[in-house]
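Below is one structure, written out as structure tokens; the observations come after it.
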Amino acid sequence: MTTRRLLQWAPMVLVVVLAAGCSASKADTQAHTTNAPDVATLVTPTPGKSSSTKATPKDPDAGRVRERIDMTDADRRRLLEPYLQCMKDNGIDVLAQRKEAGVLGSGPTTNPQKAKTAGKVCEPKLPLPAWEVDANNPDALDFGRKVVQCLKDKGVKYVELSKDTSSGIVGPALGGKNNDMQSITKGMDLMPECQREVAGK
């Protein structure tokens with residue numbers, strides 16, 4: 001089944017594709033976001049007393065910034081700026097390539113190896129997806145199913161939970177096998193609203 005997945009920030013779709021060297025087919029305080037596990041602190045033991053304190057676990061996000069469900073497009077653009085600048089510094093102007101590809105184009109025409117190298121160098125600056133839709137979150141599938149139901153309740157005809165998590169994101173696939181444009185457009189418009197509604201429950 002051919003479907004179109006919504007990632008929360010469109011250029012990131014292209015960025016992930018560039019980093020992988022393949023075609024483009026592939027993501028404020030958050031009041032309701034389920035965050036990744038808190039990092040414990042290492043306490044210096046009192047002299048003469050034994051301590052059972054465990055060592056500080058590794059940062060699950062490896063120091064990378066993470067999107068939040070309640071972010072606006074402007075918020076995401078600001079969050080993505082360091083990554084886009086890094087890519088540009090390494091010879092890949094992601095936004096220029098996106099314009100060249102066109103809205104329904106087949107993808108950037110840049111050198112795949114160059115893009116892959118730049119993607120690897122800049123990956124630490126690429127924002128992680130919101131924890132609710134992160135494929136590493138065991139609750140992401142349940143969140144995705146509820147978002148799909150929300151979209152259906154709001155009149156999106158062709159929508160289902162995508163089985164493709166290769167982008168690192170769990171989310172709805174819009175349009176069905178015939179890529180119904182009305183479902184794609186309406187689903188994309190309603191996606192942020194449904195995600196916030198589900199996150200707030």
Distance in Å, Met71 CE paired with Arg78 CZ, rounded so as to fall on 0.5 Å steps: 8.5 Å
Between Ser162 and Asp164, do the side chains contain a donor N or O and an acceptor N or O under 3.5 Å apart? no
Quick check against the 3.5 Å criterion: does Arg145 have a side-chain atom that pairs as donor or acceptor with the backbone of Leu161? no
Trp131 backbone acceptor or donor facing Asn137 side chain under 3.5 Å: yes
Pairwise distance CD(Glu67) to CZ(Arg76) - rounded to 0.5 angstrom: 5.0 Å
If I take atom CG from residue Asp134 and atom CG from residue Asp139, how far apart are they, to the nearest 0.5 angstrom? 11.5 Å
Here the gap from Asn111 atom CG to Ile92 atom CD1, rounded to the nearest 0.5 Å, amounts to 7.5 Å
Pairs under 3.5 angstrom only: tabulate donor-acceptor contacts from the side chains of residues 181-190 to other protein residues two or more places apart or in another chain.
residue : atom : partner : partner atom : Å
Ser183  : OG   : Tyr158  : N            : 3.1
Ser183  : OG   : Asp180  : OD2          : 2.7
Thr185  : OG1  : Met181  : O            : 3.0
Lys186  : NZ   : Lys154  : O            : 3.4

Taking side chain to side chain donor-acceptor pair (under 3.5 Å) as the test, write out the residues that go with Asn90, two or more places apart. none
Polar side-chain atom of Thr165 near backbone of Gly168 as donor-acceptor pair, under 3.5 Å: no
Ala199 and Glu132 have their tightest heavy-atom pair at CB-OE2, 4.1 Å
I'd like to check the side chain to side chain contact (heavy atoms under 4.5 Å, CB included) partners of Val198; sequence neighbours left out, ordered by chain and number. Phe143, Lys146, Val147
Could you tell me the separation between the CG atom of Leu128 and the CZ atom of Arg66, rounded to the nearest 0.5 Å? 4.5 Å
